[in-house]
Amino acid sequence: MTEHTRNTRDTRNDQNARNARDTERNGNAGRTRGTGGHGSGTHDVVVVGGGAAGLSAALVLGRARRRTLVVDAGEPRNAPSSHMQGYLSRDGMAPAEFLAVGREEIARYGVELVRDRVTDVTRDGDFTVVLGAGRTVRARRLVVATGLQDELPAVPGVAERFGRDVLHCPFCHGWEVRDEPFGVLAAGPASVHQALMVSQWSKDVTLFLHTVAEEELSGQDLRRLAAAGVDVVPGEVAELLVEDDRLTGVRLADGSVHARSVLYVAPRPVPRTGLLERLGAAMDETPFGTYPVVDPTGLTTVPGVWAAGNAIGFAEQVVHAASGGYRAAAAIVGDLLMADLDAAVTG
């Protein structure tokens with residue numbers, strides 16, 4: 001073993017030992033100093049959702065010595081995918097592995113994680129959080145990182161292949177399927193944009209209009225599609241064809257078959273914002289769903305409640321979600337500190 005390797009290992013062992021000692025101290029501090037005089041069963045923060053945003057927030061909070069609980073229902077949006085891309089140093093990592101590493105990291109800092117679902121939240125100064133298993137916990141602050149659900153087109157084969165050769169994001173998967181024959185299943189006139197975007201990864205792209213009438217496309221749409229070399233096929237898609245567990249084609253309602261090995265779709269995003277709505281957070285209607293109004297740190301219009309990840313927008317990639325969780329947690333650390341100091345000053 002080299003001296004460098006030995007020193008690196010010793011450094012890690014020392015750090016792990018320090019983390020373990022701090023975790024024990026933090027557990028006690030969270031019942032006294034860390035709760036600013038609140039009840040002994042009160043967490044500084046409850047994080048609802050254990051995806052990239054929630055785990056990132058929990059990591060920052062744990063390192064800031066704040067008593068934190070993560071409640072995770074185990075329903076990550078990217079579960080169907082075998083890999084995630086575009087996250088520097090984690091490019092190509094399996095989503096499940098990414099989450100497992102994140103859970104290990106937050107545990108080093110005394111963060112508690114439970115596999116459960118939050119069924120209700122009420123506010124009476126602090127927050128009362130009710131879990132599906134019957135447990136009730138108190139929290140001074142909340143992070144809502146509940147994400148969203150992708151509602152897929154009701155075409156036979158789409159749901160079964162989603163995340164494999166039925167895709168929705170070329171930035172996530174385009175490189176891996178580059179130069180293959182692409183199809184794009186139109187969900188509305190905006191699907192023209194998707195077809196144009198994916199043409200950067202393949203020059204063999206067919207836009208299946210499906211339920212979109214040709215006259216719904218503008219002249220500019222048609223000119224751009226032609227310039228990009230995208231073929232436009234009218235007619236409803238009846239099903240996807242699969243052989244040897246691989247997409248091979250798209251069958252239209254008229255019986256015609258178009259050979260394709262990749263199909264892009266545009267799922268309808270359904271944000272999981274029920275808890276935020278129950279707390280009275282102001283919401284913003286967008287073409288891609290209803291999301292909470294937040295400031296740059298993720299603070300909602302409800303004092304003490306932050307949101308991060310796909311709970312605030314459909315386009316939040318894993319790297320964005322992790323960043324949002326970090327920003328929310330850093331803001332909460334400062335917010336709790338000032339609240340504790342003000343309480344000490346006023347007696």
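Inspection of the Ser218 and Asp221 side chains reveals an N or O donor paired with an N or O acceptor under 3.5 Å. Using modelled atom types, one finds a donor on one side chain and an acceptor on the other under 3.5 Å when comparing Asp91 with Gln85. Residues Ser202 and Asp204 bring no donor and acceptor atom of their side chains to less than 3.5 Å of each other.
In Arg278, the CZ atom is crowded: over 12 heavy atoms of neighbouring residues, nucleotides or ligands sit closer than 6.0 Å. Shown here is Arg123, whose CZ atom has more than 12 heavy atoms of other residues, nucleotides or ligands within 6.0 Å. In this structure, Arg103 places its CZ atom where more than 12 heavy-atom neighbours from other residues, nucleotides or ligands lie under 6.0 Å away. The neighbour count for Tyr87 OH, taken as heavy atoms of other residues, nucleotides or ligands under 6.0 Å away, is above 12.
Two rings, from Tyr291 and Phe314, have their centers 6.0 Å or more apart. When ring centroids are compared, Phe171 and Trp201 come within the 6.0 Å threshold.
The distance from atom CZ of Arg164 to atom CG of Leu247, rounded to the nearest 0.5 Å, is 10.5 Å. Taken to the nearest 0.5 Å, the CD atom of Glu97 stands 8.5 Å off from the CZ atom of Arg90. The distance from the CG atom of Leu207 to the NE2 atom of His210 is 11.5 Å, given to the nearest 0.5 Å. Between the CZ atom in Arg65 and the OH atom in Tyr109 there is a gap of 12.5 Å [rounded to 0.5 Å]. Note that CG of Leu69 and CD of Glu112 are 5.0 Å apart. Values are rounded to the nearest 0.5 Å. Put simply, CG on Leu196 and CG on Leu225 are 5.0 Å apart, with the number rounded to the nearest 0.5 Å.
With hydrogens and angles ignored, the 3.5 Å screen pairs a side-chain donor or acceptor of His320 with a backbone N or O of Gln317. Remark: the backbone N or O of Ser81 is not paired with any side-chain donor or acceptor of Asn78 at under 3.5 angstrom. Judged by distance alone, with hydrogens and angles left aside, the side-chain atoms of Glu160 form a donor-acceptor pair with the main-chain N or O of Gly157 at under 3.5 Å. For the pair Ser56 (side chain) and Ala53 (backbone), a donor-acceptor distance under 3.5 Å is absent. A donor-acceptor contact shorter than 3.5 Å links the side chain of Arg272 to the backbone of Thr146. A donor-acceptor pair is defined here as one N or O able to donate and one able to accept, closer than 3.5 Å; no such pair exists between the side chain of Asp150 and the backbone of Pro267. In this structure, the side chain of Asn310 does not engage the main chain of Gly147 through any donor-acceptor pair within 3.5 Å. Here the side chain of Glu239 pairs no donor or acceptor atom with the backbone of Val250 at under 3.5 angstrom.
Among the candidates Asp126, Asp335, Asp44, Thr68, the single residue satisfying the side chain to side chain donor-acceptor pair (under 3.5 Å) test with Arg141 is Asp335. Screening Leu279, Thr300, Val47 for a side-chain contact (heavy atoms from CB on, under 4.5 Å) involving Leu142 leaves a single residue, Leu279.
Here Asp245 pairs with Arg161 in a salt bridge; the nearest charged N to carboxylate O distance falls below 4.0 Å. No salt bridge links Arg135 with Asp120; every basic N to acidic carboxylate O contact stays at or beyond 4.0 Å. Under the 4.0 Å criterion applied to side-chain N and carboxylate O atoms, Arg260 and Glu180 are not assigned as salt-bridge partners.
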